[in-house]
Amino acid sequence: MPEYENRTRRELSAALRELLRQRPLDQLRVRELTERCGLRRQSFYYHFKDVYDLFAWSVRQERALLLVRLAECLTWREALLDLLERAGEERAFYWTVLDQGGQEGLGEMVPLEEVLGTVQVYYRERCGAPPDRQLEERERRWGRTLLLSLLEGWIRNGLPPEELADALERAMERGMEGAVWQTLRERGEWNQTL
């Protein structure tokens with residue numbers, strides 16, 4: 001796609017995000033978007049069939065951006081805080097994603113599996129535990145549900161990002177401590193550690 005077409009799409013997406021700070025998606029009109037960008041309506045329809053099509057394209061672009069940003073993070077905590085910071089910068093957009101697709105829609109846009117995979121590797125290596133694909137898959141499903149709930153709560157209620165990261169870290173540490181104690185019990189080493 002030529003650069004001018006990408007530029008037009010990006011400008012329309014930026015206008016959409018600005019307008020979402022003022023009104024819900026179903027109240028936005030093509031005319032408003034094109035006026036903000038200094039474009040003709042025909043330009044809009046060359047790229048998108050309607051406002052919802054532009055919104056869907058913007059969601060795909062946001063996911064691609066998040067993948068790049070999260071890949072640059074060195075720790076899971078950094079990735080989570082970066083994700084929360086981004087959601088804060090674009091709160092109205094993320095709120096609209098929730099309104100349009102619920103938690104599932106938010107989960108499709110936000111690459112939580114990558115963050116959770118990083119968390120699992122970090123704690124597995126920290127504890128010296130061998131990989132367990134079935135257990136890790138269950139933990140990712142549970143973690144995805146938890147993170148989506150935390151992210152939704154943060155978007156809707158504005159909870160402090162550091163507080164959420166601390167809570168998640170405490171929950172992961174308690175879970176790993178419990179796993180260590182369970183392993184010790186199973187091996188009959190419970191009394192030796194007390």
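Remember, it's a predicted structure, so these values are computed and weren't measured experimentally. Residue indices begin at 1 and follow the sequence shown.
At a threshold of 4.5 Å between non-hydrogen side-chain atoms, the residues Val59 and Glu108 do not count as touching. Side-chain atoms of Phe55 and Leu28, non-hydrogen and from C-beta on, never get closer than 4.5 Å to each other. For the pair Arg63/Arg60, no side-chain contact is recorded, criterion being any heavy-atom separation below 4.5 Å from C-beta on. The shortest distance between side-chain heavy atoms of Leu135 and Glu139 falls below 4.5 Å. Side-chain contact between Glu85 and Leu81 is absent, with no heavy atoms from C-beta onward closer than 4.5 Å. For the pair Leu80/Leu150, no side-chain contact is recorded, criterion being any heavy-atom separation below 4.5 Å from C-beta on. Two residues are said to be in side-chain contact when any heavy atoms from C-beta on lie closer than 4.5 Å; Leu84 and Leu151 meet this criterion. Counting heavy atoms from C-beta outward, Val30 and Tyr45 have side chains that approach closer than 4.5 Å.
In terms of heavy-atom proximity, Cys73 sits nearest to Asp82 at SG-CB, 4.0 Å. Between Val51 and Phe44 the shortest heavy-atom distance is N-CZ, 3.9 Å. For Ser43 against His47, the heavy-atom pair with the smallest separation is O-CD2, 3.0 Å.
Residues Asp99 and Arg156 are paired through a salt bridge, judged by an N-O separation under 4.0 Å between the basic side chain and the carboxylate. For the pair Arg133 and Glu137, the salt-bridge criterion is not met [side-chain N within less than 4.0 Å of a carboxylate O]. Look at Arg141 and Glu136 and you find no salt bridge, because none of the NZ, NE, NH1 or NH2 atoms lies under 4.0 Å from a carboxylate O.
Atoms CG and CG, from Leu70 and Leu112 in turn, are 9.0 Å apart once rounded to the nearest 0.5 Å. Note that the CZ atom of Arg29 and the CG atom of Asp50 stand 11.0 Å from one another [nearest 0.5 Å]. A distance of 9.0 Å separates CD in Gln42 from OG1 in Thr34, rounded to the nearest 0.5 Å. Rounding to the nearest 0.5 Å places CG of Leu19 at 13.0 Å from CZ of Phe93. Rounded to the nearest 0.5 Å, atoms CG (Leu20) and CH2 (Trp95) are 13.0 Å apart. Separating the CG atom in Leu33 from the CG atom in Leu16 is a distance of 6.0 Å, to the nearest 0.5 Å.
In the hydrophobic clustering of this structure, Tyr52 groups with Leu54; members are Ile, Leu, Val, Met, Phe, Trp, Tyr whose side-chain heavy atoms approach within less than 4.5 Å, directly or through other members. Grouping the Ile, Leu, Val, Met, Phe, Trp and Tyr side chains by contacts below 4.5 angstrom, directly or via other members, places Trp142 with Leu106.
By the salt bridge (Lys or Arg N to Asp or Glu O under 4.0 Å) test, Arg23 pairs with Glu32, sequence neighbours left out. In this structure Arg40 satisfies the side-chain hydrogen bond (donor to acceptor under 3.5 Å, both in side chains) test with no other residue, sequence neighbours excluded.
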- Go through Val68 and Glu72 one step at a time and tell me if the side chain to side chain contact (heavy atoms under 4.5 Å, CB included) criterion holds. CA-CA 7 Å; Val68 169; Glu72 295 173 357; 3.9 Å; yes
- Run the salt bridge (charged side-chain N to carboxylate O under 4.0 Å, His left out) check on Glu35 and Arg41 step by step: do they pass? CA-CA 9 Å; Glu35 285 176 1; Arg41 288 173 54 92; over 6 Å; no
- Query: Taking it one step at a time, do Glu62 and Arg17 satisfy salt bridge (charged side-chain N to carboxylate O under 4.0 Å, His left out)?
  - Reply: CA-CA 11 Å; Glu62 185 70 14; Arg17 290 167 187 256; 3.1 Å; yes
- Query: For Thr8 and Tyr46, what are the C-alpha separation, side-chain angles and deciding distance, and is it a side chain to side chain contact (heavy atoms under 4.5 Å, CB included)?
  - Reply: CA-CA 10 Å; Thr8 301; Tyr46 176 79; over 6 Å; no
- Item | From CA spacing to verdict: side chain to side chain contact (heavy atoms under 4.5 Å, CB included), Leu39, Leu12 | CA-CA 9 Å; Leu39 298 170; Leu12 287 166; 4.0 Å; yes
- Criterion side chain to side chain contact (heavy atoms under 4.5 Å, CB included) on Phe48 and Arg9, from CA distance to verdict: CA-CA 9 Å; Phe48 304 104; Arg9 287 174 176 247; 3.7 Å; yes
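Residue Gln134 places its CD atom among 12 or fewer non-hydrogen atoms of other residues, nucleotides or ligands, all under 6.0 Å distant.
A side-chain donor-acceptor contact under 3.5 Å links Ser149 to the backbone of Thr145. No donor-acceptor pair closer than 3.5 Å links the side chain of Arg21 to the backbone N or O of Ala92.
Using a 3.5 Å distance cut-off with no hydrogens or angles, the side chains of Asp53 and Trp57 do not pair a donor with an acceptor.
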